[in-house]
Amino acid sequence: MDVRELVGQARQGRPRAVARLISLVENAVENAENAAQAGVSAGGDRAASAASSRALREAMAELATGGARPRPARVIGLTGSPGVGKSTSTGMLIRAFRRRGSTVGVLAVDPSSPFTGGALLGDRVRMQDHATDPGVFIRSMSSRGHLGGLAWATPQALRVLEAAGCDVILVETVGVGQAEVEIARLADTTVVILAPGMGDGVQAAKAGILEVADVLVVNKADRDGVQTTVRELRNMTGLVETPWRPPIVTTVASKGEGADDLLAALDKHQAYLEESGEARRRRLARARDEIEAIALAQLRSRFAVLHGDRLDALAERLLGAETDPYAAADDLIAALR
Ligand SMILES: Nc1nc2c(ncn2[C@@H]2O[C@H](COP(=O)(O)OP(=O)(O)OP(=O)(O)O)[C@@H](O)[C@H]2O)c(=O)[nH]1
Ligand SMILES: [Mg+2]
């Protein structure tokens with residue numbers, strides 16, 4: 001595979017090249033996880049996975065240094081409990097941004113794929129009305145999300161979509177756990193979606209998801225209890241003293257209602273980001289996180305692959321009261337040099 005050519009094609013917005021590059025990213029996550037879990041893994045697999053990580057590395061070098069775009073892509077994260085309407089809202093936003101003439105990328109990140117793989121499949125079907133639109137790129141990326149894999153994989157996938165010319169990238173993540181909070185750090189604007197009832201607002205608050213919200217959406221506003229949920233959220237967001245108080249937008253995504261309000265809220269936040277300098281701060285934080293995640297992943301795989309035996313031996317010695325855990329850790333780190 002000629003990586004340069006692949007990157008060149010992705011830059012021209014060829015969907016197949018974009019898909020292949022994102023698959024490289026996805027495979028790298030899988031390989032890293034397998035390697036870390038299996039320790040010294042089977043030779044053949046290792047050769048193949050080494051080749052694919054070399055290709056990925058080359059692709060990222062090409063993409064990251066091949067000239068910055070005049071305007072970076074706007075990354076909008078959508079998160080919320082299963083079934084609140086994230087995919088439907090994503091579809092609504094695709095249409096809204098397309099009407100403006102923006103090229104849109106969608107990345108559906110599923111940190112718990114063994115359980116919700118079916119849901120993503122459903123999403124693909126639902127988003128099919130964009131399948132033939134050359135201005136829309138839809139990719140899903142699943143991973144067990146252990147070991148911080150998504151922390152470095154997601155920015156790489158975003159880089160591919162940005163290179164393909166996406167003005168806006170929508171990142172949908174499932175659930176309201178720690179992984180989602182981490183992925184929220186990757187977005188310029190994080191939209192937290194809730195549905196009325198079910199004490200969703202309180203649950204979101206407990207999971208710390210409200211803290212990462214730049215815009216709050218109460219979807220399924222065609223159902224009972226919308227005003228209660230809005231009030232609940234208003235009370236909770238009213239407590240914190242921040243330069244940006246997340247606006248609360250109500251939508252009926254399945255009917256496209258509230259799209260303009262949501263778009264207006266997103267634009268307002270974007271303007272706030274640029275004016276306050278927060279846009280650059282977030283991008284810098286993102287770059288730091290990415291570098292750190294790659295460094296940690298590499299350390300982890302070097303520990304696992306090169307020093308699995310040493311680690312086993314150290315564990316034996318610790319159990320045998322022949323060493324202490326700090327000395328053993330020093331020993332392991334020294335072996336990396
Ligand atoms: N009544 C009503 N139903 C909606 C609305 N928006 C979405 N739905 C429905 O809610 C269900 C779940 O919507 P999805 O968009 O798949 O929700 P999701 O958050 O992406 O779900 P997961 O990806 O599985 O977590 C679907 O049957 C939608 O048609 C809405 O505004 N009102
Ligand atoms: Mg979905």
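The figures here come from the full heavy-atom set of this structure, side chains too, leaving out hydrogens, waters and symmetry mates. Just so you know, ligand 1 is whichever comes first in the structure, and atom 1 is the first atom listed for that ligand. Because the structure is predicted, anything quoted here is derived from the model rather than measured.
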Undergrad: Quick check on side chain to side chain contact (heavy atoms under 4.5 Å, CB included): which of Leu24, Val7, Val160 does Met60 satisfy it with?
TA: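 Filter result, single survivor: Val160.
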Undergrad: Relative to atom 3 (N) of ligand 1, which among Ser254, Ala195, Gly256 owns the nearest non-hydrogen atom?
TA: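 Answer by nearest heavy atom: Ser254.
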Undergrad: In Glu172, the N, O or S atom nearest to the Mg ion (ligand 2) is which?
TA: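 The closest N, O or S atom of Glu172 to the Mg ion (ligand 2) is OE2.
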Undergrad: From the Mg ion (ligand 2) out to just under 2.8 Å, does an N/O/S atom of Thr90 turn up?
TA: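 No, outside the cut-off.
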Undergrad: Any nitrogen or oxygen of Asn219, side chain or backbone, less than 3.5 Å from one on ligand 1?
TA: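 In this structure, Asn219 places an N or O atom under 3.5 Å from an N or O of ligand 1.
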Undergrad: Give a yes or no on whether the backbone of Gln9 and the side-chain of Arg14 come within a donor-acceptor separation of less than 3.5 Å.
TA: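 Such a contact is absent between Arg14 side chain and Gln9 backbone.
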Undergrad: Report yes if some N/O of Ala221 lies less than 3.5 Å from some N/O of ligand 1; otherwise report no.
TA: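 Looking only at distances, the answer is no, because the N/O contact criterion of under 3.5 Å is not met.
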Undergrad: May I ask which of Val252, Thr88, Thr173, Val217 has a heavy atom nearer to atom 15 (O) of ligand 1 than the others do?
TA: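 It is Thr88 whose heavy atom sits nearest to atom 15 (O) of ligand 1.
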Undergrad: Which bit of Asp222 gets closer than 4.0 Å to ligand 1, counting heavy atoms only: side chain, backbone, both or neither?
TA: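 Only the side chain of Asp222 comes within reach of ligand 1.
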Undergrad: Need the ligand 1 atom indices (1-based, order shown) with element for anything under 4.0 Å from a heavy-atom of Glu172.
TA: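 Those of ligand 1 that fall under 4.0 Å from Glu172 are 20 (O), 23 (O).
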Undergrad: So does Arg159 pair up with Glu62, basic N to acidic O under 4.0 Å?
TA: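 Salt bridge between Arg159 and Glu62, a charged N being under 4.0 Å from a carboxylate O: no.
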Undergrad: Take every heavy atom of Gly80, measure it against each atom of ligand 1, and state whether any distance is under 4.0 Å.
TA: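 Per 4.0 Å heavy-atom rule, Gly80 does not contact ligand 1.
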Undergrad: Does a side-chain N-to-carboxylate-O contact under 4.0 Å join Asp167 and Arg98?
TA: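 Judged by the 4.0 Å cut-off on N to carboxylate O distance, Asp167 and Arg98 do not form a salt bridge.
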Undergrad: Less than 4.0 angstrom from a charged side-chain N to a carboxylate O is my criterion; do Glu290 and Arg286 meet it?
TA: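 No, no charged N to carboxylate O under 4.0 Å.
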Undergrad: Show which side-chain atoms of residues 242-255 pair as donor or acceptor with protein atoms under 3.5 Å away, not counting sequence neighbours.
TA:
from   : atom 1 : to     : atom 2 : distance (Å)
Thr242 : OG1    : Trp244 : O      : 2.9
Trp244 : NE1    : Asp214 : O      : 2.7
Arg245 : NH1    : Thr237 : O      : 2.7
Arg245 : NH1    : Val240 : O      : 3.0
Thr251 : OG1    : Asn219 : OD1    : 2.9

Undergrad: Tell me whether Glu274 is salt-bridged to Arg283, with the criterion being a basic N under 4.0 Å from an acidic carboxylate O.
TA: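 Yes.
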Undergrad: Check each atom of ligand 1 against the heavy atoms of Pro82 and keep those under 4.0 Å away; list them by number with element.
TA: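 Close to Pro82: 25 (O).
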Undergrad: Thr79 and side chain to side chain contact (heavy atoms under 4.5 Å, CB included): which partner among Val191, Val171, Thr173, Val84?
TA: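 Result: among Val191, Val171, Thr173, Val84, Thr173 is the only option passing the side chain to side chain contact (heavy atoms under 4.5 Å, CB included) with Thr79.
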Undergrad: Check this for me - ligand 1, Val84, N or O atoms closer than 3.5 angstrom, yes or no?
TA: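 For ligand 1, there is an N or O atom that lies under 3.5 Å from one belonging to Val84.
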